[in-house]
Amino acid sequence: MTQKAILLDAAYSDENEVSVITLYVTSKGKNFWLKDKNFHPYLYVIAGKNESEKLAEQIMKMSFGEGKEEKAIKVQKIPAANEGEKEVLKVSFKRVSTLVNARKIFSELGVEKREYDIPYAKRYLLDKRLEPGNGVEYVPEGEEELLGLNDGEGAVSGIKYSSIKISSIKPMEMPFEGKATAFDFETKFSQKFTIGGEPILMTSIVSGDVLGGKQKNRVFSYETKKIKGLEILKDEKELLRETQDELNAQNSFIITYNGDNFDFAYAKERAKKLKQEFLVNGAQPKSIRKGLDNAIKLSGIQHIDAYQIMKLMQRTGAVNTVKLDIETVSEKVFGEEKEKVYPKEITEAWESGDEKKLTRLVDYNLKDSITAFKIASEFLPMFIEISKLTSQTLFETTRNSTSQMVEDLLLKEAHFRGIIAPNKPKENEVTQRTMNPIKGAFVKEPIAGLHENIAVLDFASLYPSIIISHNISPDTLNCKHKECKEKNTTPDGTWFCTKEKGLVPEILEKMLKQRLKLKAEYKKKKKEGHDDKVLFAKQWALKIVLNSVYGYLGYPRARWYSRECASATTALARQYIQETISKAEKSGFEVVYGDTDSNFLKMLDKSRADVEKFLEKVNAELPETMELELDGFYKRGIFVTKKEGGAAKKKYALMDEKGNLKIVGFEYVRRDWCNIAKETQKRVIEMVLSEGKTKEPVEYVRKVIKDLKEGKVPKSELVVMTLLQRKPKDYTAIGPHVAAVMKAQERGKKIDVGSMLSFIITKGNTKSSISDKAELEEYVNEGDYDADYYIENQVLPAVIKILQEFGYSREDLISGGKQTGLNSWN
DNA sequence: TAATTCGCTAGACCGA
DNA sequence: TCGGTCTAGCGAA
């Protein structure tokens, strides 16, 4: 009698004074709700030794509100693995609202409480270990019925849904599938932009299976010319209705690009103005605060905002683009050029009905939806894995911070092991933690100059492997055993139990092993010619979470924050890397550089076999889960001297046998340097490393300087990009980018905090400061640039440090070798 | 409601 | 006008 379906969403509704869990699932192309009445909201209360019985009696008598229903329905004493002598009571309620009242009353009474702030639906998923995106097996109870749902403020009464009562449910493996629809609006332009201020002109729709395959595309508009690929509807009202119908066609996912901040809010406003409804799955799209951002939550159906996905991929280093607009992403991630159509052009194309312009607009509108859909198809497999690990919906995992992912994982696994979670820290505790930072990694000062034959070694997953090897966990810290103190004391003086596995290392070990297995499987399949994207996504999901655990332990707002654990981890890391350095030196290598987990060995008279032998020797002496690996051999590498003297850390360039260049930390990889400086630097590094020749780069730099002086360099090469991190008035030091913004704002331009700014240093007044001459790119004419600035403050600093290593000076670059006056070109 | 620390550099700011 | 200090941003791991 069991049934199977794929789990999409979990929520709750209040029904006859009882909070009930509702799960949105999909099976064989049909979506419906499951209803579980057997799970109740609860929290834990801590009592002293032998005091729980008395407290339990007291709580059972208490009333947590006006009605007679506002009482605890059950108080149980439960064993807790981590509360020591204290006794723990689990207090359950009929309704979430009663729990909310109760926790306030407990606070007033000074009753110690735990896990009181975990949302009910999230609690349900964690406790039952259900995995959104994966299968569930449930036992139906009674017939399918049509019921009204009351899912908070956005719900609409009078609409009935297919719903099945269930008696039990558990997770199961099921291949993922689900129908998705991506949509995108184009709106009419106005000088003063407001959400919903002007009509929506066009909608594009792309639907199909979320992981790709055959798709249905539509673009529709109204009151404009009918052209190929464009449907003409009666008016905006019909456009909205048609969009709504598409969104309600049995979708599991709805995909947007920035739908959290634009499309849904726009539709809502327009619908209000046109006096009609805009409902998805029978409810208003609901605006939810997510950190500093807004998110749009739909009832049941998972709203996937591809822009949020890209932001997360950017944060975790999976992609690296300067901007995250859909055009840049399309090009950088999929290698597809995408033309941008600006708001004014959109309106013009629509109003004029000009066939060419309209065709371009239709194409643009459709490609937005296609690209958003593609991003979802590409990255959802990975988020599904994170959803499985953390038991959170895809709506959550595509928007969560990495700390949230780790915390959800820990909550889930702690519950499984009977460990009560620590409370979130209070604000003053957060401040305390923040003021007391943890000492981090060791970075060895490099030997400046050009080096030949370098072997780069690094530790695989250094921090996770240390945490596992030394069993570093809040629950194993400074245990009572004398033996552990003797055997497993860290350089910090803290020690960790060697007898019982800690919560954190246990989880990490499982994930690390799993990841190695997946990686090997993926590699094997790839060798056989099959690029298995799901395998890759799985191991990448594990990588993200694995790498975030150390950061989480040192994160001041974490429930499981542990200064001792985080600090012990880095202390051991410093010890291991320094030991490796001395071992390498003893083995006859010269160690040129090292940062956190890496070692750069100059091979001198040694062979590759010697490096392999060295690796073997080191690995034999390391704990089992730790491993030093070979990153690669490089024929040349360069480190440069700092302005202040001494060699610069975190800045180097390597070239391998095949001539491939790896540039790290240099201006070339920084977005806050202009292109001409970056490209010149790259060419110089390339020449210096590939041929070891040094005369050519000097000639090359002189040519660049000459072009700059002659005003030949185009704007695009001179743009410097910087993020506006706060409101202009909040800066104490007004840098060039802030000055440029303030000038633009005076001209009436609207710029939000968090925008990427492109600015140029113009000719301006020679005597004035750099900030005075900074202007946003859009206000600068071709040729209007301060050549002096770009030569002295961009190109020369980028190349001088490299060429200095070969005996050249600034003077050699700016003139024929003879020193001339500073401003000789003016 | 935000993962961590280490490190480099530019350019404003400020007092002599 | 000079030089030291501070603010700000971004990258490495």
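From a predicted model like this one, the values you see are computed outputs, not experimental measurements. In what follows, chains are A, B, ... by sequence order, proteins preceding strands, each numbered from 1.
With respect to the salt-bridge test (charged N to carboxylate O, under 4.0 angstrom), the residues A/E679 and A/K682 do not qualify. Between A/E385 and A/K388 there is a salt bridge, since at least one side-chain N of the basic residue sits less than 4.0 Å from a carboxylate O of the acidic one.
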Point to revise | Sequence-aligned protein contact record of nucleotides 6-16 of chain B, with B where the base is within under 4.0 Å of a protein heavy atom and S where only the sugar-phosphate is | key: BSSSSSSS---
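Protein atom CG of A/D597 is 14 Å distant from nucleotide atom C1' of B/dT5, rounded to whole Å. The distance from atom CZ of A/R557 to atom P of B/dT1 is 10 Å, rounded to the nearest whole Å. The CG atom of A/L546 sits 18 Å away from the P atom of B/dT4 (whole-angstrom rounding). The OH atom of A/Y552 sits 16 Å away from the P atom of B/dT5 (whole-angstrom rounding). If you measure from atom CG of A/L312 to atom P of B/dA2, you get 12 Å, rounded to the nearest angstrom. Rounded to whole Å, atom C1' of B/dA3 lies 16 Å from atom NZ of A/K543.
Here A/K543 pairs with nothing under the salt bridge (charged side-chain N to carboxylate O under 4.0 Å, His left out) rule; sequence neighbours left out. Remark: A/E627 engages no residue in a salt bridge (charged side-chain N to carboxylate O under 4.0 Å, His left out) (not counting sequence neighbours). In this view, A/D293 and A/K311 satisfy the salt bridge (charged side-chain N to carboxylate O under 4.0 Å, His left out) rule, not counting sequence neighbours. Residues that satisfy the side-chain contact (heavy atoms from CB on, under 4.5 Å) test with A/N660, not counting sequence neighbours, are A/D656, A/K658. With sequence neighbours left out, the salt bridge (charged side-chain N to carboxylate O under 4.0 Å, His left out) criterion links A/K773 to A/D786. Residues passing the side-chain contact (heavy atoms from CB on, under 4.5 Å) test with A/K602 are A/H451, A/E590, A/V592, A/L604, sequence neighbours excluded.
First and last contacting nucleotides of DNA chain C toward chain A (any atom under 4.0 angstrom from a heavy atom, 5' to 3' order): C/dT7 to C/dA13.
Residues from residues 385-410 of chain A lying near DNA chain B, meaning a heavy-atom separation below 4.0 Å, are A/S401, A/T402, A/S403 in numerical order.
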Under 3.5 Å donor-acceptor pairs involving side-chain atoms of residues 546-561 of chain A, not counting sequence neighbours:
unit_1, atom_1, unit_2, atom_2, d
A/S548, OG, A/I544, O, 2.6
A/Y552, OH, A/E407, OE1, 2.3
A/Y552, OH, A/R559, N, 3.2
A/Y552, OH, A/W560, N, 3.2
A/R557, NH2, A/E427, OE1, 2.7
A/R557, NH2, A/E427, OE2, 3.0
A/R559, NE, A/E407, OE2, 3.3
A/R559, NH1, A/P422, O, 3.1
A/R559, NH2, A/D117, OD1, 2.8

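Residue pairs meeting the side-chain hydrogen bond (donor to acceptor under 3.5 Å, both in side chains) criterion with at least one partner in residues 433-448 of chain A, sequence neighbours excluded, are A/E429-A/R433, A/N436-A/R563.
Relative to the axis of its first five pairs, the axis of the last five pairs of the helix from B/dT4-C/dA13 to B/dA16-C/dT1 sits at 10°, rounded to 10 degrees.
Side-chain contact between A/N599 and A/V591 is present, with at least one heavy-atom pair separated by less than 4.5 Å.
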